[in-house]
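So the structure is just underneath, and the comments pick up after that.
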Amino acid sequence: RAADSFVAITPDIARYLAGQGVPENKIRQINNFAETESVTMALRRSDFNTPENAPLLLALGRLHKAKAFDTLIKALHGIPDVYLWIAGEGPERKNLEKLIEELDVKDRIKLLGWRNDRAALFQACDMCIFPSRYEPFGTVFVQAWAQSKPLIVSDAAGPRQYVRADEDGLVVSIDDVEAMKNAIGKLAHNKELQMKLAENGYCRYRQEFTKEKTIQSYLELYHSLL
């Protein structure tokens, strides 16, 4: 209550603050930025028993129920020619391994564990997917844009506020296995659509989510407060 100024990292948070009675002239919405690393060592698909010519989908995040990787695995079950890498670690590993075994998709779905080579993973894949059930922001979709990768997201709160459906990403309903399967199949075999989403997403990154843009916004805020 004693604060003079508030920074919200999403439009929803800014609206929430205003709804709680904070004057709008005290609220500034400033995006998080996404770092883009350089690739120090390229990954070979063969290291993870993935064919070079197969459509490869990448998902990154903690293995937690909020990330909805179980929904993603069920969707992949219905697309026999698409491969999936999931990079991350967490409490849902055993449940996800069990689901992969039950659906008999262990030849196409790889749990890579914790990784420190995010840029190399993006370079190796054809598409990125962000299927979260709950996500107030979520930097993965911005990282995909920064790496010029076509993107599929759920309509969780974070990506819903930024991703423009069919323009810079495909958007599906949370936990909708069929819709996710259709979106993956549509993107996997449409190079023109892949290129369109990747180019538009990279433009969004350059315009709104670079480190320089975020720093400039904070400097403008600090100078206005001073």
Side-chain angles (χ1 to χ4, degrees), residues 34-63 67-90 93 96 100 105-132 135 138-154 158-159 162-163 166 168-172 180-205 209:
E35 293 275 34
T36 55
E37 317 89 356
S38 56
V39 177
T40 54
M41 183 176 296
L43 286 174
R44 295 178 300 180
R45 291 190 179 194
S46 58
D47 292 339
F48 303 101
N49 298 315
T50 302
E52 288 297 327
N53 59 349
L56 176 57
L57 190 62
L58 175 66
L60 304 98
R62 188 164 178 249
L63 304 186
K67 300 300 183 181
F69 291 137
D70 53 330
T71 300
L72 175 57
I73 290 167
K74 292 172 186 175
L76 258 290
H77 176 246
I79 316 173
D81 61 337
V82 176
Y83 282 66
L84 168 66
W85 291 356
I86 300 177
E89 197 52 83
R93 172 175 275 277
L96 296 178
I100 290 169
V105 288
K106 58 183 178 295
D107 59 326
R108 294 190 294 112
I109 299 179
K110 316 295 181 181
L111 300 181
L112 306 186
W114 180 261
R115 308 287 302 190
N116 293 313
D117 53 354
R118 182 176 51 193
L121 290 169
F122 275 113
Q123 185 182 75
C125 78
D126 298 303
M127 309 165 284
C128 180
I129 189 163
F130 191 54
S132 293
E135 200 69 61
T139 56
V140 170
F141 77 88
V142 182
Q143 291 162 358
W145 282 348
Q147 298 289 341
S148 296
K149 290 297 175 178
L151 176 69
I152 301 171
V153 299
S154 72
Y162 295 100
V163 178
D166 300 319
D168 44 42
L170 300 184
V171 182
V172 298
M180 191 173 293
K181 183 182 77 172
N182 291 339
I184 295 168
K186 175 182 178 180
L187 188 57
H189 302 290
N190 189 331
K191 295 295 183 183
E192 186 176 339
L193 180 59
Q194 289 180 25
M195 186 176 298
K196 171 190 170 182
L197 298 183
E199 289 178 351
N200 289 343
Y202 184 71
C203 286
R204 291 290 305 284
Y205 162 71
F209 296 98

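Index from 1, following the sequence. We use all heavy atoms of the structure for the numbers below, so side chains are in, but hydrogens, waters and symmetry mates are not.
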In Å, rounded to the nearest 0.5 Å, how long is the span from [atom1] of [X] to [atom2] of [Y]?
| X | Y | atom1 | atom2 | value |
| --- | --- | --- | --- | --- |
| Trp145 | Leu151 | CH2 | CG | 7.0 Å |
| Met180 | Lys74 | CE | NZ | 11.0 Å |
| Gln147 | Gln123 | CD | CD | 8.5 Å |
| Leu170 | Leu197 | CG | CG | 5.0 Å |
| Asn182 | Leu187 | CG | CG | 12.5 Å |
| Ile109 | Leu76 | CD1 | CG | 4.5 Å |

Discussion item. Please report whether the ring centroid of Tyr83 lies less than 6.0 Å from that of Phe48.
Written reply: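 Between Tyr83 and Phe48, which both carry aromatic rings, the centre distance is not below 6.0 Å.
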
Heavy-atom distance under 4.5 Å between the side chains of [X] and [Y], does that happen here?
| X | Y | answer |
| --- | --- | --- |
| Phe209 | Thr139 | no |
| Cys128 | Val140 | yes |
| Ile184 | Val82 | yes |
| Leu84 | Arg108 | no |
| Thr71 | Pro131 | no |

Item to complete: Report the C-alpha separation of Leu121 and Leu43 in whole Å, then their side-chain angles, then the decisive distance to 0.1 Å, and conclude whether the side-chain contact (heavy atoms from CB on, under 4.5 Å) test is met.
Response: CA-CA 7 Å; Leu121 290 169; Leu43 286 174; 3.4 Å; yes

Discussion item. Tell me whether Arg44 at atom CZ has more than 12 heavy atoms from other residues, nucleotides or ligands lying less than 6.0 Å away.
Written reply: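 Atom CZ in Arg44 is not packed in, count stays at 12 or less.
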
Looking at [X] and [Y], would you say the former's side chain and the latter's main chain have a donor-acceptor pair under 3.5 Å?
| X | Y | result |
| --- | --- | --- |
| Asp168 | Val163 | no |
| Lys110 | Asp107 | yes |
| Arg45 | Glu52 | yes |

Discussion item. For Arg93 and Leu111: C-alpha separation, side-chain torsions, deciding distance, then whether side-chain contact (heavy atoms from CB on, under 4.5 Å) applies.
Written reply: CA-CA 8 Å; Arg93 172 175 275 277; Leu111 300 181; 3.9 Å; yes

Of the non-hydrogen atoms in [X] and [Y], which two are nearest, and what is the gap between them?
| X | Y | result |
| --- | --- | --- |
| Arg118 | Leu60 | CG-CD2, 3.8 Å |
| Leu72 | Ala59 | CD2-CB, 3.9 Å |
| His189 | Pro55 | CE1-CG, 4.2 Å |
| Ala198 | Ser148 | CB-O, 3.4 Å |
| Phe122 | Ala144 | CE2-CA, 3.6 Å |
| Ala34 | Val142 | CB-CG1, 3.4 Å |

Worksheet item: Where do Lys149 and Leu58 land on the side-chain contact (heavy atoms from CB on, under 4.5 Å) test, with the steps shown first?
Response: CA-CA 10 Å; Lys149 290 297 175 178; Leu58 175 66; over 6 Å; no

Worksheet entry | Steps toward side-chain contact (heavy atoms from CB on, under 4.5 Å) verdict (Leu63, Ile86) | CA-CA 9 Å; Leu63 304 186; Ile86 300 177; 3.8 Å; yes

Worksheet item: Salt bridge between Glu135 and Lys67, side-chain N to carboxylate O under 4.0 Å?
Response: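 Counted as a salt bridge, because a side-chain N and a carboxylate O are separated by less than 4.0 Å.
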
Fill in: Whether Phe141 and Phe130 hold their rings parallel, tilted or perpendicular, with breakpoints at 30° and 60°
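Aromatic pair Phe141/Phe130 classed tilted.
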
